[in-house]
Amino acid sequence: MDTRVAEAEEHRPENWPLGRLLGAASRAVERAWAEALEQRGLTHAGLIVLHLLELGFDSQSDLARMAQVEPQTMSRTVDRLVREGLVTRTPDPGDRRRHVLAITDAGRSAFEGVRGLEDDVFPAVADPAALRAALLQIVSARS
């Protein structure tokens, strides 16, 4: 076998180390996900905020903690969602230092508009439950 052919064979994805394969898959999925969300006027960070608001969290500090981001990062994301009319921020009558966040009808509509988007964006795999379990195991080991 020609050495160039052997080298080319070695560099095919099925021969990559797991770390490289996982990194490449992660970047490909993240790009596709970001593009699909952008087409719907959302970002990944914004989607996380809308999801957490739907779950009942209503303070910026709780959102930052649940999303595992710095408070300043969450503040920028919430500011953008407020500007876009997807979220409201009102003073808490019981605590002047706190603001209560709520999802607006437009925010709820945007959130509903991406339900099932994963099925359209991500490639089908033979055993999605096994893939999910493996990814959860990887993420949990690093948390």
Side-chain angles (χ1 to χ4, degrees), residues 4-143:
R4 284 191 293 164
V5 172
E7 286 177 3
E9 184 67 26
E10 183 179 316
H11 292 289
R12 292 175 51 150
E14 41 288 336
N15 296 321
W16 290 353
L18 185 57
R20 180 178 179 194
L21 190 58
L22 188 55
S26 174
R27 287 187 299 279
V29 166
E30 191 168 341
R31 273 191 307 273
W33 185 238
E35 288 171 10
L37 289 174
E38 184 179 342
Q39 290 172 357
R40 288 156 180 82
L42 289 174
T43 64
H44 183 71
L47 181 61
I48 290 170
V49 169
L50 295 178
H51 182 231
L52 291 171
L53 290 171
E54 282 284 292
L55 291 175
F57 296 96
D58 67 356
S59 81
Q60 205 163 287
S61 60
D62 285 344
L63 294 177
R65 183 176 43 78
M66 294 302 296
Q68 299 179 348
V69 298
E70 294 297 320
Q72 299 84 353
T73 301
M74 183 55 66
S75 179
R76 286 189 298 274
T77 300
V78 169
D79 287 347
R80 187 179 66 253
L81 292 171
V82 168
R83 278 192 312 274
E84 293 170 355
L86 302 177
V87 170
T88 59
R89 180 191 287 135
T90 57
D92 184 336
D95 184 347
R96 292 187 340 235
R97 299 166 297 168
R98 183 176 184 272
H99 286 84
V100 177
L101 303 175
I103 190 169
T104 65
D105 288 342
R108 195 166 283 108
S109 178
F111 185 68
E112 287 298 319
V114 298
R115 286 199 193 274
L117 184 59
E118 290 178 357
D119 294 338
D120 296 337
V121 173
F122 302 145
V125 295
D127 190 346
L131 174 61
R132 183 174 184 79
L135 293 173
L136 285 169
Q137 185 177 3
I138 291 168
V139 170
S140 298
R142 298 290 168 205
S143 297

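Numbering starts at 1 and runs along the sequence shown.
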Checklist entry - Would you call R115-E112 a salt bridge at under 4.0 Å N-O? => result yes
Checklist outcome for this item: Here the pair of heavy atoms bringing P71 nearest to A64 is CA-CB, 4.0 Å
Item to check | Atom CZ of R132: over 12 foreign heavy atoms under 6.0 Å | outcome: no
Checklist entry - Mind checking whether W33 and F122 have parallel, tilted or perpendicular rings, split at 30° and 60°? => result tilted
Checklist entry - Is the shortest side-chain N to carboxylate O distance from R76 to D79 below 4.0 Å? => result no
Item to check | Approximate separation, where rounding is to 0.5 Å, of M74 CE and Q68 CD | outcome: 10.5 Å
Item to check | Other residues, nucleotides, ligands: >12 heavy atoms within 6.0 Å of D127 CG | outcome: yes
Next on the checklist: Please report the interatomic distance CG(L21) to OG(S26), rounded to the nearest 0.5 Å.
Outcome noted: 11.0 Å
Item to check | Enclosure of E30 CD (heavy-atom neighbours >12, cutoff 6.0 Å) | outcome: no
Checklist entry - Say you draw a straight line from CG of D62 to CG of L52; how long is it, rounded to the nearest 0.5 Å? => result 9.5 Å
Checklist entry - How far does CG of D58 sit from OG1 of T88, to the nearest 0.5 angstrom? => result 10.0 Å
Checklist entry - Given L50 and L42, is the side chain to side chain contact (heavy atoms under 4.5 Å, CB included) satisfied, shown in steps? => result CA-CA 10 Å; L50 295 178; L42 289 174; 3.8 Å; yes
Item to check | Heavy atoms from other residues, nucleotides or ligands near NE2 of H51 exceed 12 (cutoff 6.0 Å) | outcome: no
Checklist entry - Got a second to check how far L63's CG is from L55's CG, nearest 0.5 Å? => result 10.0 Å
